[in-house]
Amino acid sequence: MQQEGIVEHVHGGGYGFIRPRSKKRSVFFHMSAVNGGSAREGDEVRFTEGVDPRTGKPAALSVVRLVPGSIQQTTVGERTHTGLVVDGPRGPHPGRIAVDGPRPNTVSFTAESLADPSCELVCDDRVSFKLMSDFFGAQTAVEVALDTPELTRGVVRTLKDSFGFIERLDTDELTFFHFGDWQCSPHPAVGDCVEFRLIQRRSKTAAAGIRLLPPGSVVIEEVSEARERGTVASLPSSSRHRAGVPGTIALADGTAAIFEADSMLAGPAEPPGIAVSSGALRVNDVVSFLLAHNRRTGSRSAVDVVLEQPVFDGQARARGTIATVKASEGFGFLSAGGQRLFFHMSEILTPGWNPRGGDDVEYELADGPKPRAVRLRRLPRVAAPGAGTIARMPAAQGGELGEIQLADGSIAVFRAGDVHSIRRRLQVGDRVACTVVQGAQGAHAERIALERAGGHVSQLHDSFGFIETAALDSEVYFSAAECSDFAALQLGAAVTYAVSNETHKGRAARAVDVRRVDADADVIVLDEGVVTGKVTKALRGTGGYAGLIACTQPSGEFPFGIGSLVDPRQPPSVGARVEFRIANDLDGEGQRAMRVKVVQTTAYTARISAVYPDHGILAFTPPSSKVVGVRFPLDPATASRLLVPGTEVSFTLGYNAATDEYSAENVAPMRRATVASLSKPPQPIRQPLGPDGTRGFQRRASTSSVFM
């Protein structure tokens, strides 16, 4: 008997296999049995099944190749079947239908198999369809149509991570739905009016094929527009395994309204309300809410409940400090008495407060298997400016806290996040300014920055210098690396700096982060005019760093420093007469001399005996001294070419009591006398005599005559 089939496989050895219609077994054939001598995979053929005479095994004989399309590939049955959708098609993946019948059986179907392409089938949808068999006998569902279901309406009442519950119009029971059954955009929201069909899923009623309706299409409750106020009379209770008991709110008119645990306002509340969870409420708390009247049951319930006035009378309150906060996840931990307590952000009763580490709180301890803090309220901050020295640096992330030893000897702790933005990292020993907050766990330092002070550059060297302090009591060392414009600094320049007490090259204190500022920024010069006085103590003399000027009008002694001088390169010596102006310190605790200038000194003359790159030596013996030679400063950039050995100069004499040394100041070359200033014309004492024995230089012949 002749059969039809399709060449399933062809081997290079001259043989292959044919798959007959509706048979699972393939039939062997040899190329010699093919009419025409060749066949390819996919060819439609007609053959007679017999026995290969060479091997005695079953084989296809008299194989004839047919015109493509001669064999019908698929057939659709006439019977209509029914079943339940197991899962709908998703992209290239087909869906499955459980066929009704005594034997469990499933068939696949694709989106192209739907009778209505716009219909989106989901699990447990009841459908009708026909079965299509392919050439090899495999069956798929075609002409799949959704049986017209009975639609129900309701309102979305609660939502969880991936599911929710709908309140139906026909019953007071809530109906479960999964987000996968939501057939509209955007995502579901509480209060949405919806239409859906009921299905049985795991022996329970659920909503499927949910479609969003226009707002107001389903009215189960009528909600008042004006907010009501009341007092919590009882709290709601809930359980994961049984229905919860609603709480009650007593209204001013003597009536009551029930409220559920999920009746609390989910979003931000208008002042003075606070959006909290129902677990943060206590009996006698004052709340505001909207009244909802249920048309189906006639009951009144409170919705969008917010806390207006918490009551703390008769409740045990404890104090602690916020340790860590995970705002994105809605919880945190606080520390109290060495114990870490969990708290949820919905338990915060202080409006507008975003808790962070270090905040002091008042709370209640909730009962349960694990300790938990509830009804948190922020305590007022008691903050004051402070200063101190870094005693210990904190760990980079959590762990050990840093410590600052304050001026009064007490300790304030701090975290790495409390350090204000600065140019360099803090180190142990740095002097810092901060805000000290007194809390439940002790003092905590915030907004920490290097403590800055003012002063003037008193010494400059190749790679370092010294700064006289604003109080004129000492000099502070600094390195060139701590000043970005060190090359542009000059003596007397006004600067600000931070102090580090870390030992460096044997120095207990040094200046860091040195910056130039406007001059006289730390004093206020008075408008009392110029006064005169006499220097009674030189800079860096015995008894302290500052120099002193005695004045008779007004009477008193006024300190001065490098920053006080008009010419910081030549500080006045003891006995020098000076002019200056009086200035008040910004703190108002004292006065000092500013813009000091030497006006009257005893002038001496001498000759320069030696000149070096930065100083010179005069051949002069100071009074009451046996040392010959007085040193004077020399600035190579401004020194006159006349200041060379042998030049006669005038100068004033300065004395440094600290080193018991004299120095020459205000050095200037003597002017040579001119003819006009002499009483008699000068008389020659020797006539000029040239190298050739003549009495001078005779006129030479012109250049042209020499070369002619």
Apply side-chain contact (heavy atoms from CB on, under 4.5 Å) to the pair Val276 and Leu281, showing each step before the final yes or no. CA-CA 8 Å; Val276 297; Leu281 293 180; 4.3 Å; yes

Please report the C-alpha distance between Leu213 and Val194 in whole Å, then the side-chain angles of each, then the deciding distance to 0.1 Å, and finally whether the side-chain contact (heavy atoms from CB on, under 4.5 Å) criterion is met. CA-CA 5 Å; Leu213 298 177; Val194 293; 5.6 Å; no

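Residues Trp182 and Val156 approach most closely at CZ3-CG2, 4.1 Å, considering heavy atoms. Minimum heavy-atom separation, Ala373 to Tyr363: CB-CD1, 3.7 Å. Of all non-hydrogen atoms in Ala366 and Val374, the two that sit nearest each other are CB-CG1, 3.7 Å. For the residue pair Phe177 and Ile166, the shortest heavy atom distance occurs at CD2-CG1, 3.5 Å. Taking all atoms of both residues into account, the shortest heavy-atom contact from Arg516 to Asp485 is NE-OD2, 2.9 Å. Of all heavy-atom pairs between Asp360 and Gln438, the closest is OD2-O, 4.0 Å.
The CD1 atom of Ile467 sits 8.0 Å away from atom SG of Cys483, with the distance rounded to the nearest 0.5 Å. Put simply, CE on Met264 and OG on Ser346 are 9.0 Å apart, with the number rounded to the nearest 0.5 Å. For the atom pair CG (Leu426) and CG (Leu450), the distance works out to 5.0 Å, reported to the nearest 0.5 Å. Interatomic distance, Cys193 SG to Arg153 CZ, rounded to the nearest 0.5 Å: 9.0 Å. In this structure, CG on Leu251 lies 9.0 Å from OG1 on Thr231, to the nearest 0.5 angstrom. To the nearest 0.5 Å, the span separating CG on Leu159 from CZ on Arg157 amounts to 11.5 Å.
Of the N and O atoms on the side chains of Asp87 and His93, not one donor lies less than 3.5 Å from an acceptor on the other residue. A donor and an acceptor atom, one from each side chain of Ser234 and Thr248, are located under 3.5 Å apart. Ser288 and Glu228 share no side-chain donor-acceptor pair at under 3.5 Å. A donor-acceptor contact closer than 3.5 angstrom links the side chains of Thr175 and Arg168.
Residues Phe179 and Asp181 are not in side-chain contact: their nearest non-hydrogen atoms beyond the backbone lie 4.5 Å or more apart.
For Glu225, there are no side chain to side chain contact (heavy atoms under 4.5 Å, CB included) partners, not counting sequence neighbours.
Heavy-atom neighbours of Arg447 CZ from other residues, nucleotides or ligands within 6.0 Å: at or below the threshold of 12. Within 6.0 Å of CD in Glu173 there are 12 or fewer heavy atoms belonging to other residues, nucleotides or ligands.
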When the side chains of residues 347-356 are checked against the rest of the protein, which donor-acceptor pairs come out under 3.5 Å, sequence neighbours left out?
from   : atom 1 : to     : atom 2 : distance (Å)
Glu347 : OE1    : Arg375 : N      : 3.3
Thr350 : OG1    : Arg378 : N      : 2.9
Trp353 : NE1    : Asp359 : OD2    : 3.1

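Taking a cutoff of 4.0 Å between a charged side-chain nitrogen and a carboxylate oxygen, Asp147 and Arg126 do not qualify as a salt bridge. Classification of Asp513 and Arg452 as a salt-bridged pair holds, one side-chain N sitting under 4.0 Å from a carboxylate O.
A cation-pi contact, defined as under 6.0 Å to the ring centre and within 45° of the axis, is absent between Arg372 and Phe342.
Side-chain atoms of Asp285 do not come within 3.5 Å of backbone N or O of Val232 as any donor-acceptor pair. Side-chain N or O atoms of Asp253 include one that pairs as donor or acceptor with a backbone N or O of Thr255 at under 3.5 Å.
Checked against a 6.0 Å centroid threshold, the rings of Phe176 and Phe163 count as neighbours.
Of the candidates Ile448, Val413, Ile411, Thr389, Ile448 is the only one forming a side-chain contact (heavy atoms from CB on, under 4.5 Å) with Ile404.
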